[in-house]
Colleague: 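This is the structure, below, for whatever I ask next.
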Protein chains: 2
Amino acid sequence: MSRWEPDASGRLRQAAMELFVERGYEQTTVAEIAQRAGLTARTFFRHFADKREVLFASSAVLLDRLAEAVEDAPASASTMTAVLAALDAAAAVLGGQHETARQRYSIISANAELRERELIKLASLSAAIADGLRRRGVADPEASLAAEAGIAVLRVAFEHWLSGPADQDLARIVRQSFDQLKTLTATI
Amino acid sequence: MSRWEPDASGRLRQAAMELFVERGYEQTTVAEIAQRAGLTARTFFRHFADKREVLFASSAVLLDRLAEAVEDAPASASTMTAVLAALDAAAAVLGGQHETARQRYSIISANAELRERELIKLASLSAAIADGLRRRGVADPEASLAAEAGIAVLRVAFEHWLSGPADQDLARIVRQSFDQLKTLTATI
DNA sequence: TAGGACATGTCACGTGATGACATGGTCTGC
DNA sequence: GCAGACCATGTCATCACGTGACATGTCCTA
């Protein structure tokens, strides 16, 4: 038998989610999370840079998927088509667990620190898309703009999806949002 | 003679900027800022909710201007035209002090906490625009989307403006960015 | 089997942030 | 012109977050 229980990071995430749901983010200390996971606070900070980060561990995967999708888009695709491919990839990752996503979203919405962290994660997604576009030869104000607009579409679509029934298709809502943006910018 | 020197808040902001420039944000403690302003750390936290906020005191003004601009846009104006009016108002507020803006931007860029705070301030601008649009009768996914896209345009334009010469007109760059977004979304 | 790599524990400490209470000028009503 | 409310600040105590330094015990490998 090994010296420690396996999957410390997973236990910490689990314990954190439970406690945040039970009593809220601010009312939960890192020491309590660690204790529930059978660890110490110091160890918590070895797995997560800070208390917020325990809720955002999965965002690295999402970033990779977006980057891949932009890279894999055909060379002939327009800038915005490549962005749409990235959004489809995001929808595939996010669109699976409606209830979990809702719960997580409600924890984040209730706390300013967490909303800030959420925004910077979204910004890093945008940066990854912009990066991919630049590698495709798209020049810079245009690459950033396309990426930012894409993330704006994703955000709005995601929130709309969350507020609706569980069986809706996120990718479809993303596509509708994009079309709406197209219409909006064209009507001036 | 009064008991205290006037304009405590202004002195704190001034002291903070100086120290952040001299030695960086993280290397500056709240106690040091307060001391330079002739006050105590406890008083700092009475004027600013936290250490970051001392750099964002002016954003409330910006928010008001945006809200006004949306409200004052003619009833006949399209959704995106109202958003553009708000962006013009933002450009008028931000476009005046190129060098100051650059210095502030470099402090913020160098620190993750500050970038997070910047993003949530931008998100609150977006929320204010969306609010104004809803009051004009624009329904909700559309209002959010138009506001988010508008702020994306503002962000990209602002950064582009900062990276260029001081005498460029921010409002013009904003307009160009918007046109570029229009082109991007149309080309799919 | 010795020794290094590694995940965790333990301890100490600085900083950010907040509540409770004290202080002493300024303003207002009478 | 004074009592008392008001208000900005100071002082003190305290807590949670976050980090550096060092210790410990298990597993892996030469």
Side-chain angles (χ1 to χ4, degrees), chain A residues 1-57 107-108 110-118 120-121, chain B residues 1-57 107-108 110-118 120-121:
Chain A
M1 169 161 173
S2 85
R3 184 173 183 192
W4 295 288
E5 295 300 307
D7 193 22
S9 167
R11 275 150 52 213
L12 286 167
R13 267 177 306 195
Q14 174 74 25
M17 272 299 292
E18 289 172 13
L19 286 164
F20 294 165
V21 168
E22 284 172 26
R23 65 178 88 159
Y25 174 80
E26 287 169 76
Q27 286 66 48
T28 304
T29 70
V30 170
E32 288 164 344
I33 298 169
Q35 189 181 18
R36 182 169 296 203
L39 295 165
T40 65
R42 189 66 185 84
T43 296
F44 177 97
F45 288 110
R46 289 198 182 96
H47 286 271
F48 304 100
D50 56 42
K51 183 182 168 187
R52 278 139 275 169
E53 205 65 16
V54 72
L55 269 172
F56 295 90
I107 296 171
I108 293 174
N111 180 271
E113 296 187 359
L114 293 176
R115 288 197 304 271
E116 289 186 341
R117 183 57 50 89
E118 169 96 328
I120 213 165
K121 294 296 181 185
Chain B
M1 165 161 176
S2 85
R3 186 173 181 192
W4 296 289
E5 295 299 309
D7 193 22
S9 167
R11 276 151 51 213
L12 286 166
R13 268 178 306 196
Q14 174 74 26
M17 272 299 292
E18 289 171 14
L19 286 164
F20 294 165
V21 168
E22 283 172 26
R23 66 179 87 160
Y25 174 80
E26 288 170 77
Q27 286 66 48
T28 303
T29 69
V30 170
E32 288 164 344
I33 298 169
Q35 188 180 18
R36 182 168 296 201
L39 295 163
T40 64
R42 189 65 184 86
T43 296
F44 178 97
F45 287 110
R46 289 201 181 94
H47 285 271
F48 305 100
D50 56 42
K51 184 181 167 187
R52 278 139 273 167
E53 206 64 15
V54 72
L55 270 171
F56 295 89
I107 295 171
I108 292 173
N111 181 272
E113 295 186 0
L114 294 175
R115 288 198 304 273
E116 289 186 339
R117 183 57 51 90
E118 169 94 332
I120 212 164
K121 293 297 181 186

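Throughout, protein chains are lettered first and strands after them, A, B, ... in sequence-line order, and every chain is numbered starting at 1. Atoms considered below: every heavy atom in the structure, side chains included; atoms not considered: hydrogens, waters and symmetry mates. This structure is a prediction, so every number in the text was calculated from the model and none was measured.
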Colleague: Within this structure, what is the CD-to-C1' distance between B/E32 and C/dT15, rounded to whole angstrom?
Modeller: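 For the pair B/E32 CD and C/dT15 C1', the rounded distance is 11 Å.
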
Colleague: Tell me what B/S9 touches on the nucleic acid: a base, only sugar-phosphate, or nothing, going by heavy atoms under 4.0 Å.
Modeller: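 Result for B/S9 = nothing.
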
Colleague: Rounding to an integer number of Å, can you tell me how far B/E5 CD sits from D/dG10 P?
Modeller: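 From B/E5 CD to D/dG10 P: 12 Å.
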
Colleague: Could you state the CD-C1' distance from B/Q35 to D/dG10, rounded to the nearest angstrom?
Modeller: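 Atom CD in B/Q35 sits about 15 Å away from atom C1' in D/dG10.
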
Colleague: Return the value, rounded to whole Å, for the distance between atom CD of A/E113 and atom P of D/dA16.
Modeller: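 Distance check: A/E113 CD to D/dA16 P gives 14 Å.
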
Colleague: Would B/R52 and B/E116 pass as an ion pair if we require N to O under 4.0 Å?
Modeller: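 B/E116 and B/R52: not salt-bridged.
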
Colleague: For the pair made of CD1 in A/I33 and P in D/dA16, what is the distance, rounded to whole Å?
Modeller: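 It is 13 Å, rounded to the nearest whole Å.
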
Colleague: Which one, C/dT10, D/dT9, C/dA17, comes nearest to the side chain of A/T40?
Modeller: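 In terms of side-chain proximity for A/T40, the closest of C/dT10, D/dT9, C/dA17 is C/dT10.
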
Colleague: So if I take every side-chain heavy atom of A/R3 and compare against D/dG25, C/dT10, D/dT9, which nucleotide ends up nearest?
Modeller: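 Looking only at heavy atoms from C-beta outward on A/R3, the closest nucleotide is D/dG25.
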
Colleague: Roughly how far apart are A/H47 NE2 and A/E53 CD, rounded to 0.5 Å?
Modeller: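 These two atoms lie 14.0 Å from each other.
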
Colleague: Working to the nearest 0.5 angstrom, can you tell me the gap between A/L55 CG and A/K121 NZ?
Modeller: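 Between A/L55 CG and A/K121 NZ, I get 11.0 Å after rounding to 0.5 Å.
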
Colleague: Under 4.0 Å, heavy atoms only, any strand: does B/A41 hit a base, just the sugar-phosphate, or nothing?
Modeller: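 Nothing, no heavy atom under 4.0 Å.
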
Colleague: Specify the separation, in whole Å, of atom CZ of B/R46 and atom C1' of C/dG16.
Modeller: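 Value for this atom pair: 15 Å.
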
Colleague: Map B/W4 and B/K51 onto DNA chain C by nearest heavy atom, then report which one ends up closer to the 5' terminus.
Modeller: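 The residue closer to the strand's 5' end, by nearest nucleotide, is B/K51.
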
Colleague: Using the side-chain heavy atoms of B/T43, tell me which of these nucleotides is nearest: D/dG10, C/dG16, D/dA16.
Modeller: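 Nearest to the side-chain atoms of B/T43, counting from C-beta on, is D/dG10.
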
Colleague: Using whole Å, what does the distance between atom P of nucleotide C/dT15 and atom CZ of B/R23 come to?
Modeller: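 Roughly 11 Å, once rounded to whole Å.
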
Colleague: Confirm from the modelled atom types if B/R42 and D/dG10 form a donor-acceptor pair under 3.5 Å, side chain to base only.
Modeller: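 Under the 3.5 Å cut-off, the side chain and the base do not form any donor-acceptor pair.
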
Colleague: Taking only the side-chain nitrogens and oxygens of B/H47, find out if one of them lies under 4.0 Å from OP1 or OP2 of D/dA8.
Modeller: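 Checking D/dA8 against B/H47, no side-chain N or O comes under 4.0 Å of OP1 or OP2.
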
Colleague: Decide, yes or no, whether a salt bridge links B/R36 with B/E18 under the criterion of side-chain N to carboxylate O below 4.0 Å.
Modeller: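 A salt bridge is present here (some side-chain N lies under 4.0 Å from a carboxylate O).
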
Colleague: Out of C/dA17, D/dC17, D/dT9, which nucleotide sits closest to the side chain of B/R52?
Modeller: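 Output: C/dA17.
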
Colleague: B/F44 CZ to D/dA8 C1': how many Å, rounded?
Modeller: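 To the nearest whole Å, that distance equals 16 Å.
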
Colleague: Show the numbers, then the answer: is there a side-chain contact (heavy atoms from CB on, under 4.5 Å) between B/M17 and B/I107?
Modeller: CA-CA 9 Å; B/M17 272 299 292; B/I107 295 171; 3.9 Å; yes

